[in-house]
Amino acid sequence: MLKLKNSYTKKLETFEPCDAASKTVTLYSCGPTVYSFAHIGNMKSFLVADILRRTLEKLGYRVRQVMNITDVGHMTEDHLADATGEDKLAKAARELGTDPYKVAAYFEEAFVRDATALRLSIYKGSEAIEKTLHPRATAHVPEMLVMIDRLITRGYAYPDSQGQVYFDVSKFPAYGHLSGKVLDDLEAGARIAVREEKRDPRDFALWKVDDKHLMKWDPHGPEGWPSGDYERFKALLPNGVDARIKAGFPGWHIECSAMSRAHLGPVIDLHTGGEDNIFPHHECEIAQSFGAAEEANAPVSFAKYWVHGRHLLVDGKKMSKRDGTFFTARELFDPRACDRDELAQRLAATGFEDGKVPPTVLRYALIANQHVQPMNFTFDVLVQAKSNVERIQTRYAHLLEVAGEGEASKEVVAMLNACEAEFDAGLCDNLNMPVALAAVFKLVADLNLRTLSPGDASAAIATIDRIDSVLDVLDRRIRSGIVAQERLNKNEDDKNLDDLAELRASTSPDAARVESLILHRHASKKRKDFATADAIRKELDAQGVSLEDLPAGVRWRLK
RNA sequence: GGCGCGGUAGCCAAGUGGUUAGGCAACGGUUUGCAAAACCGUCAAACGUCGGUUCGAAUCCGAUCCGCGCCUCCA
């Protein structure tokens with residue numbers, strides 16, 4: 001039974017889909033704005049959604065998750081501008097000297113690469129290519145205009161003399177419920193641009209008009225529409241939109257309302273986002289979606305559960321480029337490729353090979369905490385994540401070496417089940433990952449104390465695979481093996497061994513060669529020729545194969 | 001100013017009234033020709049401070065100090 005902190009009700013609630021009988025649930029996650037590379041804070045937020053989704057899947061639900069791509073962009077930091085400010089995407093476009101659609105496509109592609117490296121479920125397998133699961137805002141302007149038109153018709157919105165459209169907050173009494181903001185508290189009159197014609201300062205823009213804006217759609221003609229969209233728009237609204245709306249672009253909030261409705265339906269089970277989205281973004285989404293609902297008895301909030309992740313801080317504070325505490329995901333994956341040699345050096349100094357952070361390590365670092373708690377990202381945290389992942393990975397690799405046919409012992413099965421139950425219980429307690437991970441380490445420690453039969457190992461692998469269906473930090477490939485003691489002893493007197501000089505001259509990563517070298521090394525050790533033995537190990541190490549002497553034989557491992 | 005969150009051992013981090021959280025690091029030991037992995041032990045009679053309630057408080061109440069976030073750019 002999954003319990004979630006619902007930020008709409010502010011309570012810890014037992015999750016139950018809108019349609020209690022359904023085993024399929026709908027999840028909308030506010031996605032990236034593609035005007036720059038995603039930073040680790042963005043990624044942490046998407047990973048909260050990913051863990052939620054995978055937890056639901058582990059509990060037996062099918063999850064239909066939609067995560068949008070905001071390619072219209074938002075305002076700059078020009079606080080006084082509101083609907084007249086320059087779009088961030090346009091700003092990036094100006095800097096890159098190309099058109100905004102191309103800039104968005106460029107950063108979207110970069111995002112998909114980073115998200116794939118971080119193993120976001122929604123970018124895996126067939127989901128990666130299913131367009132409706134990651135809809136672009138620019139491809140849903142028809143749906144947005146339909147909603148805007150409907151809001152005007154129903155009296156929830158009004159156009160001004162410029163051709164812009166505002167949502168009339170006074171028409172939606174529940175406005176402020178999610179964020180806990182009392183309307184009177186909202187500073188009236190502040191931050192309102194001169195040209196604005198809002199009836200109330202708290203009203204927010206659904207449609208904006210700005211001649212300087214690069215992306216523009218004409219609601220009364222084909223100008224500005226990407227191919228096919230205008231026709232689709234006309235089919236959706238044969239009589240056209242309110243004549244007072246002029247060529248412009250959609251406000252930010254209407255995007256998510258329209259795309260959620262288009263791809264998941266009028267009412268959804270879960271909606272996720274970062275804590276900063278609570279106000280105004282999600283507050284506005286709720287208001288719009290309710291105002292535009294076509295169904296009778298529409299719920300006040302179109303999403304049953306709202307899950308918000310607290311922000312990621314770096315060194316205890318909000319990330320800041322100025323303080324050097326701003327990191328994109330790709331910078332950590334490969335600092336040198338991002339012109340950050342100093343970062344590579346710093347990472348190399350703390351034990352990261354080639355000064356690169358493996359994506360699974362970053363993933364672990366970003367998920368190994370409670371989403372209802374702010375996370376403080378530091379280099380120490382990264383180093384700790386690396387050790388933790390390696391501990392689980394090492395145990396997993398050793399299991400792969402001995403896994404095979406056969407029944408698992410009762411004690412092992414009981415232990416595995418107990419640990420998995422604890423893992424699940426942790427996740428079910430509002431996605432309490434620290435508790436879930438404690439169960440994983442208990443499992444690893446217990447396995448380390450046992451001598452496992454092939455059947456035991458296979459059972460353990462099956463359990464860890466299920467656990468890792470949520471964590472997804474393991475490398476499942478077989479990357480190590482053991483040359484058994486009997487095999488080593490067969491060649492005691494150096495007979496039947498391939499020519500050592502020839503083997504050492506070759507650098508082919510061939511398994512037979514590696515085994516031959518292991519046999520040679522063993523023979524050298526028998527003769528107490530440790531110099532040759534160490535030289536062979538050193539050579540293999542340089543070629544990416546490390547050797548470990550065990551009671552049962554010699555383990556080789558690919559790095 | 002308004003709203004909200006947090007301060008738990010060197011570090012990260014569970015824990016909402018009584019019972020071992022867990023991990024990382026460091027150090028000592030076991031094992032090893034060396035190493036790796038692993039295990040055992042130490043750091044750990046930890047809960048910002050002061051006071052109160054209680055048989056009993058990290059946990060409840062009050063005060064106080066410090067840090068952080070949001071308040072229409074933001075995951």
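In what follows, chains carry the letters A, B, and so on, assigned in the order in which the sequence lines appear, proteins first and then strands, with residues in each chain numbered from 1.
- Contact annotation for A:Leu312: base contact, defined as any heavy-atom pair under 4.0 Å involving a base atom.
- Rounded to whole Å, the C1' atom of B:C27 lies 23 Å from the corresponding atom of B:U20.
- Stems are defined here as 3 or more consecutive Watson-Crick or G-U wobble pairs with pairing distances under 3.5 Å; those involving RNA chain B are B:1-7 with B:65-71, B:10-12 with B:22-24, B:26-30 with B:38-42, B:48-52 with B:60-64.
- Across all strands, A:Lys318 comes closer than 4.0 Å to base atoms (heavy-atom distances).
- Rounded to an integer number of Å, the gap from A:Arg555 CZ to B:A37 P is 11 Å.
- A sub-4.0 Å separation between OP1 or OP2 of B:A38 and a side-chain N or O of A:Thr394 is absent.
- For A:Asp160 and A:Lys198, the salt-bridge test fails: no basic side-chain N is under 4.0 Å from an acidic carboxylate O.
- Applying the 4.0 Å criterion to OP1 and OP2 of B:A14, one finds that A:Gln370 has a side-chain N or O inside that range.
- Nucleic acid contact for A:Leu547: base, since at least one base atom lies under 4.0 Å from a heavy atom of the residue.
- Under 4.0 Å is where a charged nitrogen must lie from a carboxylate oxygen, and between A:Asp50 and A:Arg54 at least one such pair does.
- Using a 4.0 Å cut-off between a side-chain N of Lys or Arg and a carboxylate O of Asp or Glu, A:Arg136 and A:Glu108 qualify as a salt bridge.
- Using a 4.0 Å heavy-atom distance criterion, A:Glu275 is classed as a sugar-phosphate-only contact.
- If you check every strand for non-hydrogen atoms under 4.0 Å, A:Arg537 touches a base.
- Ring centers of A:Phe37 and A:Phe107: under 6.0 Å apart, within the cut-off.
- Ion pairing between a basic and an acidic side chain is recognised when a charged N comes within 4.0 Å of a carboxylate O; A:Asp200 and A:Lys171 show no such pairing.
- The aromatic ring centroids of A:Tyr123 and A:Phe46 lie 6.0 Å or more from each other.
- Base engagement by A:Lys525 is indicated by at least one non-hydrogen atom pair under 4.0 Å involving a base atom.
- Residue contacts for A:Phe530: at a heavy-atom cut-off of 4.0 Å it reaches a base atom on one of the strands shown.
- Residue A:Asn432 has no polar side-chain atom (N or O) positioned under 4.0 Å from OP1 or OP2 of B:A14.
- With RNA chain B read from its 5' end, the first of the two nearest nucleotides for A:Phe204 and A:Glu548 is the one closest to A:Glu548.
- Contact annotation: side chain of A:Asp534 to base of B:G33, donor-acceptor pair present below 3.5 Å.
- Between A:Thr378 and the phosphate of B:C12, there is no side-chain N or O to OP1/OP2 separation shorter than 4.0 Å.
- Between A:Phe377 and A:Phe327, the two ring planes are tilted [angle within 30° to 60°].
- Residue A:His281 is classed as having no contact, given no heavy-atom separation below 4.0 Å to the nucleic acid.
- As judged by a 4.0 angstrom heavy-atom cut-off over every strand, A:Gly273 is placed among residues touching the sugar-phosphate backbone only.
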